> 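Right, I'll just put the structure down here and ask away after.
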Amino acid sequence: MPELPEVEVSRLGISPHITDQKISKVIIRNPNLRWPVPDDVKSAEGQVVDSVSRRAKYLLLNTKVGSIILHLGMSGNLRVVDKSVPLLKHDHIDIEFGNGAVLRLNDARRFGACLWQEPDTEHELMGKLGPEPLTEDFTDIHLFEKSRNKQVAVKNFIMDNHVVVGVGNIYANESLFKAGIHPNRAAGKISKKRYEVLTQHIKETLANAIEQGGTTLKDFIQTDGKPGYFAQELLVYGRSGEACVKCDQKLKEIRLGQRSTVFCGHCQR
DNA sequence: CTTGTCACCTGAGCGC
DNA sequence: TGCGCTCAGGTGACAA
């Protein structure tokens, strides 16, 4: 799945196929996603998709009467296919369009979501989210001020959606390595100068991954079926025990917040 | 309030 | 081949 770059790449992938298209039918084959898929989603039938937007890792298909919210969880992916294309295992939701195209949500683990949002409102899930990392709202000052007096490990801090959205496990590992910051360092004890470097690396790492078309991992498939090519550029994630690209020492692995954390004990302090 | 842990669910990979 | 175990990109809901 999807960290923010994969979600954004999915948005870019599906948007040209479904923008300005009329939704003819919403088929919910399995409503048992993270939350039960509400029947309200069918309100979108007969409506035109005006735009496809993204907030954090949520995708929104916006229509005049409301928005379909999609989240890919850990294992979700979206494909745009002709409705005649045979279903695969775990194809839970189809959003059919007048031109015969279907936006098909597949999600083996069902940690994803499909919800409905009334127009001119904000879904409660999105009410308390931090800034988007790729906008000017996300700054070193924000990280610095928000982290004061926090004992939490900096890696968990930057993965907290209330602090900044869209920094998942892979890119948290990568950004901290590039910034030379030890992932277990207390967030409140990091200087403004170091947050400046970290902020820049988070932005660059995410932006670069989007450019590369998203990381290729197990079940992420771009909407055109081609995998992304960013995985080969990962410097620490998935490289535990291998040599650090900077100093050649063995990369270490620990667990923080139950997530695998890979870092260089020499380069990251 | 903060911080840490659990839960949700399927599938892949590994050791035996 | 099969079984049991661990791990996997997220994140809301708790408990302490």
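Nothing here was measured: the structure is a model prediction, and the numbers come from that model. In what follows, chains carry the letters A, B, and so on, assigned in the order in which the sequence lines appear, proteins first and then strands, with residues in each chain numbered from 1. Note: hydrogens, waters and symmetry copies are ignored here, and every other heavy atom, side chains too, is used.
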> Looking at Val41(A), Ile95(A), Ile69(A), which one forms a side chain to side chain contact (heavy atoms under 4.5 Å, CB included) with Cys114(A)?
Val41(A)
> Would you say that Asn173(A) contacts Pro183(A) through its side chain, given a criterion of any heavy-atom pair below 4.5 Å between the two side chains?
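Answer no - side chains too far apart.
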> Taking atom P in both dC9(B) and dC3(C), compute the distance separating them and give it to the nearest angstrom.
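dC9(B) and dC3(C) have their P atoms separated by 22 Å.
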> Rounded to whole Å, please give me the gap between CD1 in Ile69(A) and P in dG10(C).
19 Å
> For side chain to side chain donor-acceptor pair (under 3.5 Å), just list the numbers for Lys128(A) and Asn161(A), CA-CA rounded to whole Å, side-chain angles, deciding distance to a tenth of an Å, and then say yes or no.
CA-CA 8 Å; Lys128(A) 292 181 295 183; Asn161(A) 281 336; over 6 Å; no
> Looking only at the side chain of His71(A) (C-beta and beyond, no hydrogens), which of the listed nucleotides dG12(C), dA8(C), dT11(C) gets closest?
dT11(C)
> When all nucleic acid strands are considered with a 4.0 Å heavy-atom cut-off, which category describes Asp107(A): base, sugar-phosphate, or nothing?
nothing
> Quickly work out the Ile158(A) CD1 to dT11(C) P distance and round it to whole Å.
14 Å
> Hey, are the side chains of Ile190(A) and Arg185(A) touching, using non-hydrogen atoms and a 4.5 Å cut-off?
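Yes, side chains in contact.
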> Take Asp91(A) and Arg79(A) through the side-chain contact (heavy atoms from CB on, under 4.5 Å) test and state the conclusion after the steps.
CA-CA 10 Å; Asp91(A) 277 341; Arg79(A) 284 134 51 223; 2.8 Å; yes
> Categorize Tyr58(A) for me: base, sugar-phosphate, or nothing, with a 4.0 angstrom heavy-atom threshold over every strand shown.
sugar-phosphate
> In whole angstroms, how far is the P atom of dA12(B) from the CE atom of Met74(A)?
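Computing the Met74(A):CE to dA12(B):P distance gives 15 Å.
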> What is the per-nucleotide protein-contact pattern of nucleotides 3-10 of chain B, from the 5' end, where B denotes a base atom under 4.0 Å from a protein heavy atom, S denotes such proximity for sugar-phosphate atoms only, and - denotes neither?
SSSB-BBB
> Dot-bracket for DNA chain B: what is it, with Watson-Crick or G-U pairs under 3.5 Å, [ ] where a pair crosses earlier ones, and | for a pair to another strand?
.|||||||.|||||||
> Closer than 3.5 angstrom, by distance alone: can the side chain of Lys189(A) be matched with the main-chain N or O of Arg148(A) as a donor-acceptor pair?
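Between the backbone of Arg148(A) and the side chain of Lys189(A) there is no qualifying donor-acceptor contact (under 3.5 Å).
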> Measure up the His182(A) and Phe263(A) rings against each other and bin them: parallel (under 30°), tilted (30 to 60°), perpendicular (over 60°).
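Ring orientation, 0 to 90° scale: tilted.
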> Leu256(A) has an atom CG; how far is it from atom C1' of dA8(C), in whole Å?
17 Å
> Hey, any chance Leu33(A) and Val7(A) share a hydrophobic cluster, counting ILVMFWY side chains that come within less than 4.5 Å of each other, even indirectly?
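Yes; tracing contacts between hydrophobic side chains, which count when under 4.5 Å, links both residues.
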> Mind jotting down which residue pairs meet the salt bridge (Lys or Arg N to Asp or Glu O under 4.0 Å) criterion with at least one end in residues 101-124 of chain A? Sequence neighbours excluded, please.
Asp94(A)-Arg104(A)
> How long is the line joining CD1 of Ile170(A) and P of dC7(C), in whole Å?
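Atom CD1 in Ile170(A) sits about 17 Å away from atom P in dC7(C).
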> Between dC6(B) and dT6(C), how many Å separate the two P atoms, rounded to a whole number?
14 Å
> Using whole Å, what does the distance between atom P of nucleotide dT6(C) and atom CZ of Arg255(A) come to?
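Whole-Å distance recorded here is 11 Å.
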> In whole angstroms, how far is the P atom of dG12(C) from the NE2 atom of His162(A)?
7 Å
> Would you mind reading off the distance between Lys128(A) atom NZ and dT2(B) atom P, rounded to a whole angstrom?
12 Å
